[in-house]
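Lettering follows sequence order; numbering is per chain, from 1. All values reported here derive from a predicted model rather than from experimental measurement.
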Number of protein chains: 2
Amino acid sequence: MSKVVSKPTVHDIARVAKVSLATVDRVLNGRSGVREKTIDKVNAAIRELGYVRDTSAANLARQRQYSFTFVLPEGPSQFVDTIREALRDAYASQIADRVTLNVISVPTHDPHAIVRKLLSLDVSGLDGIALVVPETPQIRDLVARLKRAGVAVIALSSDLPNSERDYFVGVDSVAAGRTSGLLMGKFAPETGEILVVTNSMRARDSLERRLGFDQVMQTSFPQLKVLPTIESFDDPARMEELVYGMLLRKPRLVGLYSMGSGNLAVLRALRRSARSAELSVIVHELTPPTRAGLLSNEIDAVIAQNVGHLVRSALRVLRNLSDNLPIFEAQERIRIEIVMRENLHHPS
Amino acid sequence: MSKVVSKPTVHDIARVAKVSLATVDRVLNGRSGVREKTIDKVNAAIRELGYVRDTSAANLARQRQYSFTFVLPEGPSQFVDTIREALRDAYASQIADRVTLNVISVPTHDPHAIVRKLLSLDVSGLDGIALVVPETPQIRDLVARLKRAGVAVIALSSDLPNSERDYFVGVDSVAAGRTSGLLMGKFAPETGEILVVTNSMRARDSLERRLGFDQVMQTSFPQLKVLPTIESFDDPARMEELVYGMLLRKPRLVGLYSMGSGNLAVLRALRRSARSAELSVIVHELTPPTRAGLLSNEIDAVIAQNVGHLVRSALRVLRNLSDNLPIFEAQERIRIEIVMRENLHHPS
DNA sequence: GTTGATTTGAGGTACGTTCCTCATTTATAC
DNA sequence: GTATAAATGAGGAACGTACCTCAAATCAAC
């Protein structure tokens with residue numbers, strides 16, 4: 001085998017461009033005090049050699065440390081637990097190299113408390129923040145304040161479209177709702193009624209999912225009658241009774257679409273009614289209960305997002321924003337996953 | 001903000017464990033000549049400090065260069081093109097840092113030619129090889145020979161289960177077939193016939209997909225009659241005529257399952273027959289034609305694998321095998337993706 | 001052509017790790 | 001207790017890049 005030609009280094013650039021190492025460095029790192037002509041010479045050498053910066057060495061020398069904060073809703077939530085786990089995983093791999101993470105919990109339904117807690121945050125050394133919070137005027141103000149302090153701000157999972165956030169990492173909820181609609185239309189018989197439930201329509205997610213769902217149902221499956229959304233207001237007992245009641249009172253039901261969390265209660269109602277077999281059931285988020293529901297054939301499909309991808313994407317975006325680097329949008333688009341019994345990946 | 005406590009380094013370990021840097025290094029890199037007691041002392045210090053090796057610095061110092069070869073089928077193939085593209089993408093990111101890639105093409109259907117080409121390969125500097133080839137006795141011999149030469153060997157996308165390959169990176173074809181079956185059963189009406197086509201049943205993939213498909217159809221949807229597989233033997237014109245003929249002669253068809261490539265011809269036959277609307281169509285691999293088929297509603301679902309994930313996984317596995325490191329199986333399991341019109345991600 | 005500003009060069013140190021060498025200490029066997 | 005082997009220490013060079021200082025060269029304007 002021919003001798004392995006090692007990758008060109010800054011020294012090679014200097015030699016080929018007939019300039020000093022210092023000048024190469026100035027060009028490479030965009031420092032001032034170099035003539036246009038010289039910059040061109042260096043760039044020509046870079047192209048000629050096919051030089052690519054060794055990021056390992058650069059990071060080592062730069063001693064760049066990123067400080068990011070993730071703001072997650074407090075209280076027990078499978079989704080948040082999964083995010084935490086994915087953060088730990090990312091930490092273990094090289095994706096979170098040189099970042100110090102700070103995860104804080106905030107009360108979900110009290111925007112003032114959220115803002116109070118976040119205002120107490122010391123922002124001086126902070127490079128970026130990822131927010132999983134509902135959009136309110138207070139939050140919008142907070143985002144503006146963070147931006148003024150020079151902090152990169154991204155909305156994670158749930159967008160803050162009217163704020164000054166730099167980026168949104170998450171799935172398109174309307175498209176997710178459309179996907180559910182398409183599946184429901186194909187799964188359910190030609191005619192009948194569809195029950196739609198969520199814990200709260202105040203959540204942007206649920207609103208948008210319903211919007212997408214309705215778009216597809218109206219245009220592609222008009223014979224199916226989609227009932228008004230039932231809300232549990234985050235009360236599992238209430239959810240169970242509401243769903244159970246509908247299952248008793250509506251004999252023409254052929255489908256059930258659960259847009260929010262609280263699927264344990266939904267499943268319980270379904271089981272009590274013994275109508276599971278005749279209904280097409282579609283829910284969101286892959287969690288232990290929904291996973292079990294798939295395996296027991298009580299749930300036909302779960303619409304999920306890949307949380308590992310979500311978190312890795314958030315870290316990449318925050319890093320690039322902190323360094324004023326461009327974001328590779330195609331890589332950061334989070335897929336809408338359709339999970340059914342047979343493509344459910346069992347945890348090792 | 002309190003002063004950022006910098007991460008512990010090997011020097012800190014030496015200090016805490018009261019040993020020299022050299023000993024820490026010996027323990028860290030598994031070199032011999034250290035007493036059990038001393039190893040324990042060092043490991044205790046590592047745990048106490050929460051030390052994690054700085055991979056950037058380690059890679060830099062190690063100057064480890066990986067040399068991998070990917071063996072892909074030659075000839076125009078959307079799937080192979082996608083792999084090539086994914087390899088380029090991986091190269092651009094840090095995942096392929098310090099690896100020199102060599103991609104070679106081999107004639108798909110001539111095992112002897114494959115082996116001849118691979119035998120001419122200089123194996124001396126090679127760390128690993130990823131094979132996308134059908135399993136034959138010649139290939140099995142080749143794998144054994146490569147293993148003897150100390151090369152890490154993985155099967156990519158299509159397994160070589162009876163060879164000595166170190167690992168298989170790809171989806172479980174039986175599970176993919178089961179997923180297709182489940183979707184077909186839910187999409188199609190209660191009774192009718194299902195047409196199954198492929199380019200070649202000699203390919204392990206098609207065999208396994210059919211197996212999984214039948215499993216689900218027989219147990220869960222026995223009222224649907226699945227017809228014997230039709231083979232085109234890689235001839236698009238033949239494929240089109242065969243499918244078109246079946247569409248004319250079989251009025252009770254309610255579904256079409258295409259297990260192999262050559263979906264352009266399948267779609268053409270479907271269009272000519274004008275029976276597209278009454279059939280549930282499920283195909284494999286997301287390619288320009290299948291993508292177009294989804295958008296035009298001629299295809300109901302595409303079963304796909306994430307090729308980017310596939311390639312990144314292959315690189316990680318090859319790297320770990322070369323270094324005798326364990327493989328994090330959960331991360332390397334390739335998902336079976338269900339893609340429909342509404343969760344199709346449009347290229348930016 | 002001199003002045004003053006701008007551009008370039010030379011050389012060094014640092015990042016955290018790996019991987020040497022050689023000297024010294026400690027344990028083991030008789 | 002001595003001979004020998006095994007374990008440990010001390011120190012340094014290297015990987016490729018970033019970033020610093022200070023001197024030297026080049027340029028522009030008059």
Side-chain angles (χ1 to χ4, degrees), chain A residues 4-46 49-66 94 97-100 322-325, chain B residues 4-46 49-66 94 97-100 322-325:
Chain A
V4 176
V5 187
S6 51
K7 285 169 49 176
T9 74
V10 280
H11 294 88
D12 298 314
I13 301 177
R15 193 169 34 74
V16 171
K18 296 200 216 312
V19 298
S20 72
L21 216 61
T23 300
V24 174
D25 180 69
R26 288 179 185 116
V27 174
L28 234 35
N29 295 294
R31 283 184 251 279
S32 61
V34 188
R35 272 185 309 176
E36 204 63 44
K37 260 188 64 181
T38 315
I39 295 180
D40 292 344
K41 270 203 301 187
V42 172
N43 282 328
I46 288 174
L49 292 166
Y51 169 83
V52 281
R53 186 197 241 105
D54 183 326
T55 39
S56 299
N59 285 336
L60 179 59
R62 225 192 292 262
Q63 278 288 92
R64 178 75 161 102
Q65 275 286 354
Y66 302 89
Q94 63 260 44
D97 243 21
R98 299 180 193 287
V99 340
T100 37
S322 311
D323 289 342
N324 282 317
L325 258 42
Chain B
V4 176
V5 188
S6 50
K7 284 169 50 174
T9 74
V10 280
H11 295 87
D12 298 314
I13 301 177
R15 194 170 33 73
V16 170
K18 296 201 217 313
V19 297
S20 71
L21 215 60
T23 300
V24 173
D25 180 68
R26 287 178 186 117
V27 174
L28 234 37
N29 295 294
R31 284 185 251 279
S32 60
V34 188
R35 271 186 308 177
E36 204 63 44
K37 260 189 63 181
T38 315
I39 295 180
D40 292 344
K41 267 202 304 188
V42 172
N43 282 328
I46 289 174
L49 292 166
Y51 169 82
V52 281
R53 184 196 247 107
D54 183 325
T55 39
S56 299
N59 285 336
L60 180 60
R62 223 192 296 261
Q63 277 289 91
R64 179 74 159 103
Q65 275 286 353
Y66 302 89
Q94 64 261 43
D97 242 22
R98 299 182 191 286
V99 341
T100 38
S322 312
D323 289 342
N324 283 317
L325 259 41

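Distance I46(B) CD1 to dT17(C) P: 10 Å, rounded to the nearest Å. Atom C1' of nucleotide dA18(D) and atom CD of Q65(A) are separated by 16 Å, given to the nearest angstrom. Rounded to an integer number of Å, the gap from CG of N59(A) to P of dG16(C) is 13 Å. Atom C1' of nucleotide dG9(C) and atom NZ of K41(A) are separated by 12 Å, given to the nearest angstrom. Per the geometry, NE2 belonging to H11(A) stands 12 Å off P belonging to dG12(C), to the nearest Å. Computed from coordinates, the D40(A) CG to dT8(C) P distance equals 11 Å when rounded to whole Å. What separates NZ of K18(B) from P of dT25(C) is a distance of 20 Å, to the nearest Å. The distance from atom CZ of R62(A) to atom P of dC19(D) is 6 Å, rounded to the nearest whole Å.
Summary of the strand contacts: L60(B) and I39(B) both lie near DNA chain D, and taking for each the nucleotide with the nearest heavy atom, the more 5' one is attributed to I39(B).
For the segment residues 24-38 of chain A, the set of residues with a heavy atom within less than 4.0 Å of an atom of DNA chain C comprises R26(A), G33(A), V34(A), R35(A), T38(A), in numerical order.
Phosphate proximity of dG9(D) to T23(B): present, with a side-chain N or O under 4.0 Å from OP1 or OP2.
Among residues two or more places apart in sequence or in another chain, the salt bridge (Lys or Arg N to Asp or Glu O under 4.0 Å) test is passed with R15(B) by D12(B). Remark: V10(B) pairs with L21(B), V24(B), L28(B), Y51(B) by the side chain to side chain contact (heavy atoms under 4.5 Å, CB included) rule, at least two apart or across chains. For the side chain to side chain contact (heavy atoms under 4.5 Å, CB included) test, no residue two or more places apart in sequence or in another chain qualifies with A61(B). The side-chain hydrogen bond (donor to acceptor under 3.5 Å, both in side chains) search around T23(B) returns S20(B), not counting sequence neighbours.
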Only distances under 3.5 Å count here; give the side-chain donor-acceptor pairs of residues 30-42 of chain B to other protein atoms, sequence neighbours excluded, each with its distance to 0.1 Å.
unit_1, atom_1, unit_2, atom_2, d
R31(B), NE, D25(B), OD2, 3.3
R31(B), NH2, D25(B), OD1, 3.3
R31(B), NH2, D25(B), OD2, 2.7

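Counting only heavy atoms from C-beta outward, the side chains of V19(B) and R26(B) never approach each other to under 4.5 Å.
For S20(A), whose side chain is taken as the heavy atoms from C-beta onward, the closest listed nucleotide among dC15(C), dA10(C), dT8(D) is dA10(C).
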